Amino acid sequence: AMLRLRFLTWDVKDTLLRLRQPLGESYAAEARAHGVQVQPEALNRAFREAYAVQTQHFPNYGRGQGLSSRQWWCDVVKQTFRLSGVHEDGVLTQVAENLYHDFCSARNWEVLPGAGETLSQCCQRGFRMGVVSNFDNRLENILSQCNLRHHFEFVLTSEDAGFAKPDRRIFEKALHLGGVPAEQAAHIGDDYTRDYRAARAVGMHGFLLRGAGQSKEAEVPPKHVLPTLTHLLALIEK
């Protein structure tokens, strides 16, 4: 390969794994199990608001402020339901705990089309690989349950690292773990700012997974854009 790549780092959410159903549907089903009716669409809207506020006040799962990521998420879930008009504390606590555990497993996550095959082919071609994700410490378990963990030498989450993408330090930590210089590594992800641009800023190569209908950033050369994951090897091996 002209690129001389030895190491690939991967984003996870919406690159390798995606939610099986909209988050509001999962939240509504859990509420129904406790006899509480809430519309999924209302929960989707409330979640976006609760998540944004929590991220603003307690960045990166509250790691720097003494919160556990479990507490961080349970607070987001409770606030999501409060914004949707549910206020019974006993119910909120139980629903939040259950949802925290549900999102820990393959039950709510599915592997994106082509992801398993692409990772296997990369391994067969001799690429070493790791994960770099703005995720909490449940990610290792989720990847194991979805049968993807074995492809990776490490799973580096923002909670572990103490920095979230696009902070260059999470990529520097990944390069250190991989033991490779930036120019021999490439990062694959679906977010222009947090994945593509951030990886390029530390001198790594970058590939942007872009589904149909996503906006086109002028700065991304076509040879760095993946319409699907199965396009990756052809681009790397050019």
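Quick caveat, the model's predicted, so the values are computed rather than measured.
- Residues Leu67 and Gln54 come closest through the heavy atom pair CD1-NE2, 4.4 Å.
- Judged by distance alone, with hydrogens and angles left aside, the side-chain atoms of Glu159 form no donor-acceptor pair with the main-chain N or O of Asp136 at under 3.5 Å.
- In this structure, Phe127 is a member of the same hydrophobic cluster as Leu209, with clusters built from ILVMFWY side-chain heavy atoms closer than 4.5 Å.
- Contact between Tyr61 and Ser158 at its shortest, heavy atoms only, is CE1-OG, 3.7 Å.
- The shortest non-hydrogen separation linking Leu43 to Ala28 is CD1-N, 3.5 Å.
- When each of Thr15, Leu143, Leu156, Leu148 is tested with Val131 by the rule side-chain contact (heavy atoms from CB on, under 4.5 Å), just one qualifies, namely Leu143.
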Audit row: Val220, Arg210, side-chain contact (heavy atoms from CB on, under 4.5 Å) steps and yes/no: CA-CA 11 Å; Val220 185; Arg210 184 185 280 141; 4.2 Å; yes
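- Residues Asp102 and Arg107 have side chains in contact (heavy-atom distance under 4.5 Å, counting atoms from C-beta outward).
- Judged as a side chain to side chain contact (heavy atoms under 4.5 Å, CB included), and not counting sequence neighbours, the contacts of Asp167 are Phe163, Arg169.
- Under the 4.5 Å side-chain criterion, counting only non-hydrogen atoms from C-beta, Leu16 is in contact with Leu229.
- Ring centers of Trp73 and Phe58: at least 6.0 Å apart, outside the cut-off.
- Taking the six-membered ring for Trp and thresholds of 30 and 60 degrees, Trp72 and Tyr51 have ring planes more than 60 degrees apart, a perpendicular arrangement.
- For the atom pair Gln124 CD and Glu117 CD, the distance stands at 11.0 Å (nearest 0.5 Å).
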Residues 83-95, side-chain donor-acceptor partners within the protein, below 3.5 Å, at least two apart:
unit_1, atom_1, unit_2, atom_2, d
Ser84, OG, Thr80, O, 2.9
Thr93, OG1, Asp89, O, 3.0
Gln94, NE2, Asn98, OD1, 3.2

Side chain to side chain donor-acceptor pair (under 3.5 Å) between Asp195 and His187, worked out: CA-CA 7 Å; Asp195 292 313; His187 179 69; 2.8 Å; yes
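- A 6.0 Å sphere centred on CD of Gln39 holds no more than 12 heavy atoms belonging to other residues, nucleotides or ligands.
- Arg200 contributes no side-chain N or O that, together with a main-chain N or O of Gly203, makes up a donor-acceptor pair within less than 3.5 Å.
- Rounded to the nearest 0.5 Å, atoms CG (Leu208) and CG (Asp191) are 8.0 Å apart.
- Of all heavy-atom pairs spanning Asn60 and Gly162, the tightest one is ND2-C, 3.5 Å.
- Between Val180 and Arg128 the shortest side-chain heavy-atom distance falls below 4.5 Å.
- Side-chain heavy atoms closer than 4.5 Å link hydrophobic residues (I, L, V, M, F, W, Y) into clusters, and following such links, even through other members, never connects Leu112 to Leu19.
- Ile142 and Ser105 get closest at one heavy-atom pair: CG1-N, 4.2 Å.
- For the pair Val155/Ser133, no side-chain contact is recorded, criterion being any heavy-atom separation below 4.5 Å from C-beta on.
- Arg18 places no side-chain N or O within 3.5 Å of a backbone atom of Val111 that could act as its donor or acceptor partner.
- Scanning all heavy atoms of the two residues, the minimum distance from Asn147 to His150 falls at O-CE1, 3.1 Å.
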Arg20/Asn108 under side-chain contact (heavy atoms from CB on, under 4.5 Å): CA gap, chis, key distance, verdict: CA-CA 5 Å; Arg20 285 186 188 274; Asn108 283 342; 5.7 Å; no
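- A donor-acceptor pair shorter than 3.5 Å can be found between the side chains of Ser26 and Gln21.
- Annotation: side chain of Phe207 is not in contact with side chain of Tyr196 (no heavy-atom distance under 4.5 Å).
- A salt bridge between Arg125 and Glu237 is present, with a side-chain N of the basic residue lying under 4.0 Å from a carboxylate O of the acidic one.
- In this structure, a donor-acceptor pair under 3.5 Å is absent between the side chains of Asn141 and Ser144.
- How far CD of Glu140 is from CD of Gln145: 12.5 Å, rounded to the nearest 0.5 Å.
- Checked by atom type, the side-chain pair Gln79/Asp75 shows no donor-acceptor distance below 3.5 Å.
- A continuous path of Ile, Leu, Val, Met, Phe, Trp and Tyr side chains, each step under 4.5 Å between heavy atoms, connects Met129 with Leu139, placing both in one hydrophobic cluster.
- Under the 4.5 Å side-chain heavy-atom criterion for grouping Ile, Leu, Val, Met, Phe, Trp and Tyr, Val76 is connected to Trp109 within one hydrophobic cluster.
- At least one side-chain heavy atom of Lys165 sits less than 4.5 Å from a side-chain heavy atom of Phe171.
- Two residues are said to be in side-chain contact when any heavy atoms from C-beta on lie closer than 4.5 Å; Arg194 and Asn134 meet this criterion.
- Side-chain atoms of Ile188 and Thr9, non-hydrogen and from C-beta on, never get closer than 4.5 Å to each other.
- A salt bridge links Arg70 with Glu97: the closest approach of a Lys/Arg side-chain nitrogen to an acidic carboxylate oxygen falls below 4.0 angstrom.
- One finds the SG atom of Cys122 at 5.0 Å from the CG atom of Leu8 (value rounded to the nearest 0.5 Å).
- Leu226 and Val12 fall within a single hydrophobic cluster, where Ile, Leu, Val, Met, Phe, Trp and Tyr are joined by side-chain heavy atoms under 4.5 Å apart, directly or via other members.
- Within the structure, the ring-ring contact (aromatic ring centres under 6.0 Å, His included) test picks out no pair touching residues 88-107 (sequence neighbours left out).
- Side chain of His205 to main chain of Glu183: a donor-acceptor pair is present (N/O by atom type, distance under 3.5 Å, no hydrogens or angles).
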